[in-house]
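Below: the structure, in C-alpha cells.
Numbers restart at 1 for each chain; the letters A, B, ... are given by sequence-line order, proteins then strands. What you see below is based on every heavy atom in this structure, not just the backbone, and it leaves out hydrogens, waters and symmetry mates. All figures in this text were calculated on a predicted structure; none of them were measured in a lab.
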Amino acid sequence: MKHWLLKSEPDECSIEQLARVRREPWTGVRNYQARNYLRDGMQLGDEVFFYHSNCATPGIVGLCTVVRLAYPDPTQFDPDSDYFDAASRRDDPRWLCVDVAFARRLRRTITLQELKTLDGLGDFALTRRGNRLSVLPVTAAQWQRILSVE
DNA sequence: GCCAACGTTGGC
DNA sequence: GCCAACGTTGGC
C-alpha cells in the first residue's frame, strides 16, 4: 500500500464536493511526471491526502482512496473541456486519470504553513523548493507523522 | 496581481 | 541538442 497527495483547487473540486458525490475521476493531470505516478505508482486501495491549493489557506483537508487504476482521461478528447488536448489520439492516449473515493475529512486543516515547520517528515515532496506537481508520493512515515498532528 | 520555479515549444 | 520565449502553477 502506497500513499499520495493530490492537489485540487477548491474552486474546481473541493473536499466538500468529494464528500457529497463520494467518488470522482481524477481528471486534468497534464504533466508527464504526475501522469507517470498515476500510471506506474498508484494501486487500488492506496491512501491519499486531499490537498486544497491556490486558495486562502492551502493545506490537507481530507483523505481519499484509489478505487480505479489509471485509464485514459476522457477530458483530453472533449473539445469543450478545459483539458482538451488536440494532439492526443484515441488509439494512443497521452493522459490518464484514476478514480478516487472519499474516505473522510480531517478534523481540521493541516496547513501548508504548518507542514513546512513540522519535524520528522524528512524530504517531503510537497515542501520541496520549486515543486508544483499535482500528484506527489508520500512515505508511510510521513503519512503517519502528518496524521499524528490532526 | 506578482513572480519564482519550473515545463514545453520550436527555431536553428 | 541547445536555448530563448512562452505558458503554467501556486504561494504570497
### Message
Checking the side chain of A/R104 only, and the main-chain atoms of A/A19 only, is there a donor and an acceptor separated by less than 3.5 Å?
### Response
no
Residues forming a side-chain hydrogen bond (donor to acceptor under 3.5 Å, both in side chains) with [X], sequence neighbours excluded:
X      : value
A/Q17  : none
A/R129 : none
A/R35  : none

### Query
Which sits closer to the 5' end of DNA chain B, A/R94 or A/N54, going by the nucleotide each is nearest to?
A/N54
### Pairs involving residues 86-129 of chain A, ordered by first then second residue, that meet ring-ring contact (aromatic ring centres under 6.0 Å, His included) (sequence neighbours left out)
A/Y32-A/W95
### Query
Among pairs that include at least one residue of residues 54-93 of chain A, which meet ring-ring contact (aromatic ring centres under 6.0 Å, His included), considering only residues two or more places apart or in two chains?
none
### Query
A/R30 near the nucleic acid: base, sugar-phosphate alone, or nothing, with a heavy-atom cut-off under 4.0 Å?
nothing
### Query
Does any pair with a residue in residues 19-33 of chain A pass salt bridge (Lys or Arg N to Asp or Glu O under 4.0 Å), and if so which ones, sequence neighbours excluded?
A/R23-A/D99, A/R30-A/D73
Without placing hydrogens or testing angles, list every side-chain donor-acceptor pair under 3.5 Å for residues 48-58 of chain A, not counting sequence neighbours.
residue	atom	partner	partner atom	Å
A/H52	NE2	A/I15	N	3.0
A/N54	ND2	A/E9	OE1	3.4
A/N54	ND2	A/E9	OE2	3.4

### Task
Name the first nucleotide and the last nucleotide along DNA chain B (5' to 3') that come under 4.0 Å of a heavy atom in chain A.
B/dA5 to B/dT8
### Query
Hey, can you pull the residues of residues 31-40 of chain A with a non-hydrogen atom under 4.0 angstrom from DNA chain C?
none
